[in-house]
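Bear in mind the structure is a predicted one, so any value in this text is a computation, not a measurement.
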Amino acid sequence: KDNDQLLVYPHDLFVVQRIHDQEEGDSAWMRLHLPQDGVRNFTVAMAAISSVDTMRSELARRGVITYDWKELQFYLMKAASELQMQKKAEVAHHQFGWTKRGSFVVGDIEVEHGKKRYVPPTVTTSDMVGWYEQKGTLEGWKNVFNTYAMDGLENRAFAALTGFGAPLLKIASAHKGVLLHLIHKESGTGKSTILRMINSIWGNPEDPMRNPEDTKASLIVRMGVLNNLPLTVDELTNIKAEELSNFLYGVTQGRGRDRMNSNANTLRANKQTWQTVGVTNGNSSHYDKLHTLKDLPKGEIFRCVEYEVGFTDLISTEDGIRIFDEELMENYGHAWFPYITAIQNNKEAAIEMVKKYVAMFNDKLSLNSCYRFYSTLGAINLTGGHIAEELGLIDYNLTRIYEFYSGVIGWLKEINQAMIRSEKLASAGALATSVAHEVNNPLASISSLVQSLLTTETDERNRETLRTILGQITRITTVLRD
């Protein structure tokens with residue numbers, strides 16, 4: 001009844017839904033509407049609501065202020081209790097990208113066949129949700145992204161297409177990940193700008209970009225949350241060879257390592273998994289660095305594609321600042337929704353196109369299974385480019401980009417074959433050294449024995465035979481030494 005109503009808070013504050021989280025416990029998804037600030041969505045743990053002091057701290061930092069916290073607590077607990085009777089709790093999402101039922105999560109938005117719905121962030125995703133927001137217009141973003149459509153910028157265009165290609169890895173490939181590394185010994189060639197262009201498909205161009213100061217543990221957590229969104233790491237130049245090897249295997253194996261609990265002799269199972277493309281840049285070659293770790297780092301090199309991104313006179317310094325530092329930062333986060341919707345509506349066609357491109361690369365370049373990461377990267381990027389082009393999101397010449405990337409694989413194949421030939425020669429040399437060592441010892445014994453016989457033998461014919469044997473031993477020794 002109206003005369004029984006009590007004002008506990010002057011603004012709109014609702015418990016919209018209950019969230020069930022196996023790791024963090026149940027929580028309440030709340031919506032606050034302040035007169036001057038608009039709508040805010042946030043989650044608060046049920047355990048926090050059950051304690052007045054904890055609830056006060058959690059709500060106050062989100063802008064909720066009241067004189068009667070106990071009455072507000074009663075209101076919220078009553079609302080949550082009513083929801084328990086009315087509908088099932090929402091399952092919490094700890095990762096972006098594809099879900100088990102085929103929907104796709106980016107930030108706090110879940111998309112399923114053209115329909116968007118808000119999904120509340122968890123503790124794991126809360127600090128990353130803000131990276132994936134929209135700004136400006138789709139047309140403004142397209143004008144920037146199509147800068148790479150110019151003839152002569154195929155190296156930049158292919159790398160930028162990784163933003164579209166990464167989500168296809170999950171649905172069209174068994175590979176857990178692949179790494180693309182962009183190099184040039186000088187700074188200022190636009191390597192970092194490419195990473196920003198990749199991120200701009202999904203949201204803020206700069207916020208998702210990691211840097212070498214991030215710890216390996218934090219990168220594992222980030223990759224686990226990104227899941228099927230691209231990982232971008234800027235200026236990975238000074239990383240040590242062993243750390244690089246571990247990082248590369250981490251990206252391409254799709255999961256972090258299990259660890260022991262610090263306070264008990266029990267295994268803490270890793271739950272961070274992903275299936276995506278990592279893109280790094282730097283002033284030095286990953287290949288060169290890996291060679292300092294071991295003579296033949298085939299396991300790492302066949303999981304990593306790298307090529308140079310040098311200076312270009314196709315974009316002036318003034319235009320570069322205007323396009324990439326100004327316009328890009330004002331227009332982003334619009335392209336992913338129509339793109340993911342198109343994949344969801346035509347999933348089988350996207351898978352078939354990836355398979356077709358893989359076959360094209362394999363046939364054109366006579367690639368065996370060692371090069372499966374190379375051909376897969378090309379296939380998902382070009383398929384993503386094809387879908388984006390059909391949607392009118394980009395205007396790239398995909399034929400030129402295909403030819404460019406075919407050249408990259410051809411060049412890497414020559415390097416790898418030379419490396420394998422070098423390994424075989426090194427193995428043959430090691431074998432020859434070992435054989436020489438094993439043969440020299442008995443030859444020395446035989447030579448000593450023959451010389452001893454010569455000192456006592458009086459028959460000239462026998463002495464001549466012994467001298468012949470000595471001569472042949474000397475000849476063999478000389479051949480083995482040389």
Side-chain angles (χ1 to χ4, degrees), residues 175 178-179 181 183 185 238-250 252-253 257 284-308 361-376 406-482:
H175 300 314
V178 61
L179 188 70
H181 183 53
I183 57 173
K185 62 181 180 180
N238 296 322
I239 186 171
K240 296 179 180 178
E242 187 172 358
E243 293 175 350
L244 174 60
S245 176
N246 292 335
F247 171 71
L248 209 159
Y249 273 115
T252 57
Q253 289 177 341
R257 295 179 179 178
S284 61
S285 164
H286 283 350
Y287 292 178
D288 291 346
K289 187 160 293 185
L290 291 167
H291 274 292
T292 66
L293 186 64
K294 46 189 169 182
D295 291 335
L296 193 69
K298 288 193 296 185
E300 293 93 334
I301 285 178
F302 280 119
R303 297 164 184 260
C304 174
V305 174
E306 73 171 30
Y307 59 79
E308 282 200 354
F361 283 119
N362 290 342
D363 292 343
K364 180 182 178 70
L365 299 164
S366 301
L367 303 178
N368 58 33
S369 60
C370 292
Y371 299 94
R372 60 191 183 277
F373 289 95
Y374 295 4
S375 57
T376 297
S406 296
V408 169
I409 296 181
W411 171 67
L412 294 177
K413 184 180 178 184
E414 289 180 8
I415 291 176
N416 291 332
Q417 287 177 338
M419 178 179 63
I420 292 170
R421 286 194 298 270
S422 176
E423 178 197 26
K424 290 179 178 178
L425 288 173
S427 298
L431 177 61
T433 301
S434 176
V435 168
H437 177 73
E438 294 299 324
V439 172
N440 270 323
N441 287 338
L443 279 178
S445 298
I446 295 170
S447 177
S448 296
L449 181 59
V450 171
Q451 291 178 54
S452 177
L453 289 172
L454 268 173
T455 61
T456 58
E457 180 60 56
T458 57
D459 185 83
E460 188 57 34
R461 290 182 63 184
N462 290 342
R463 289 177 62 83
E464 184 62 30
T465 300
L466 291 172
R467 282 193 290 268
T468 301
I469 293 172
L470 271 179
Q472 294 303 318
I473 291 173
T474 302
R475 182 182 176 187
I476 294 171
T477 304
T478 302
V479 170
L480 290 174
R481 185 181 65 243
D482 296 342

>> Does Tyr374 form a side chain to side chain contact (heavy atoms under 4.5 Å, CB included) with Val408? I'd like the steps, not just the answer.
In response: CA-CA 9 Å; Tyr374 295 4; Val408 169; over 6 Å; no
Taking all atoms of both residues into account, what is the closest heavy-atom pair of [X] and [Y], and its distance?
X	Y	result
Leu365	Lys413	O-NZ, 2.6 Å
Val178	Thr252	CA-CG2, 3.8 Å
Ser406	Phe361	OG-CE2, 3.5 Å
Leu293	Ser245	CD2-CB, 3.8 Å
Cys304	Leu248	CB-CD1, 3.7 Å
Tyr287	Val305	OH-CA, 3.9 Å

Value rounded to 0.5 Å, distance of [atom1] in [X] from [atom2] in [Y]:
X	Y	atom1	atom2	result
Leu244	Leu290	CG	CG	4.5 Å
Asp363	Ser375	CG	OG	10.5 Å
Leu454	Leu470	CG	CG	5.5 Å
Leu453	Thr465	CG	OG1	11.5 Å
Ile476	Ile446	CD1	CD1	8.0 Å
Glu306	Asp288	CD	CG	7.0 Å

> Considering residues at least two apart in sequence or located in another chain, which fulfil the side-chain hydrogen bond (donor to acceptor under 3.5 Å, both in side chains) criterion with Glu464?
Replying inline: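 Result, side-chain hydrogen bond (donor to acceptor under 3.5 Å, both in side chains) vs Glu464: Arg467.
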>> According to side-chain hydrogen bond (donor to acceptor under 3.5 Å, both in side chains), who are the partners of Asn462, at least two apart in sequence or on a separate chain?
In response: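 Asn462 satisfies side-chain hydrogen bond (donor to acceptor under 3.5 Å, both in side chains) with Glu457 only.
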> Within a strict 4.5 Å, meaning less than it, do heavy atoms of the Leu179 and Phe247 side chains meet?
Replying inline: yes
>> So Phe302 and Arg372, do their side chains get closer than 4.5 Å, heavy atoms only?
In response: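 The answer is no, as the side chains (C-beta and beyond) never meet within the 4.5 Å cut-off.
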> Would you say the side chains of Gln451 and Ser447 form a donor-acceptor pair under 3.5 Å?
Replying inline: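 Distance-only check passes for Gln451 and Ser447.
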>> Over 60° means perpendicular and under 30° means parallel, so tell me whether His181 and His286 are parallel, tilted or perpendicular.
In response: parallel
>> If we ignore hydrogens and angles and just use 3.5 Å, is the side chain of Lys298 paired with the main-chain N or O of Cys370 as donor and acceptor?
In response: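 Not a single qualifying donor-acceptor pair exists.
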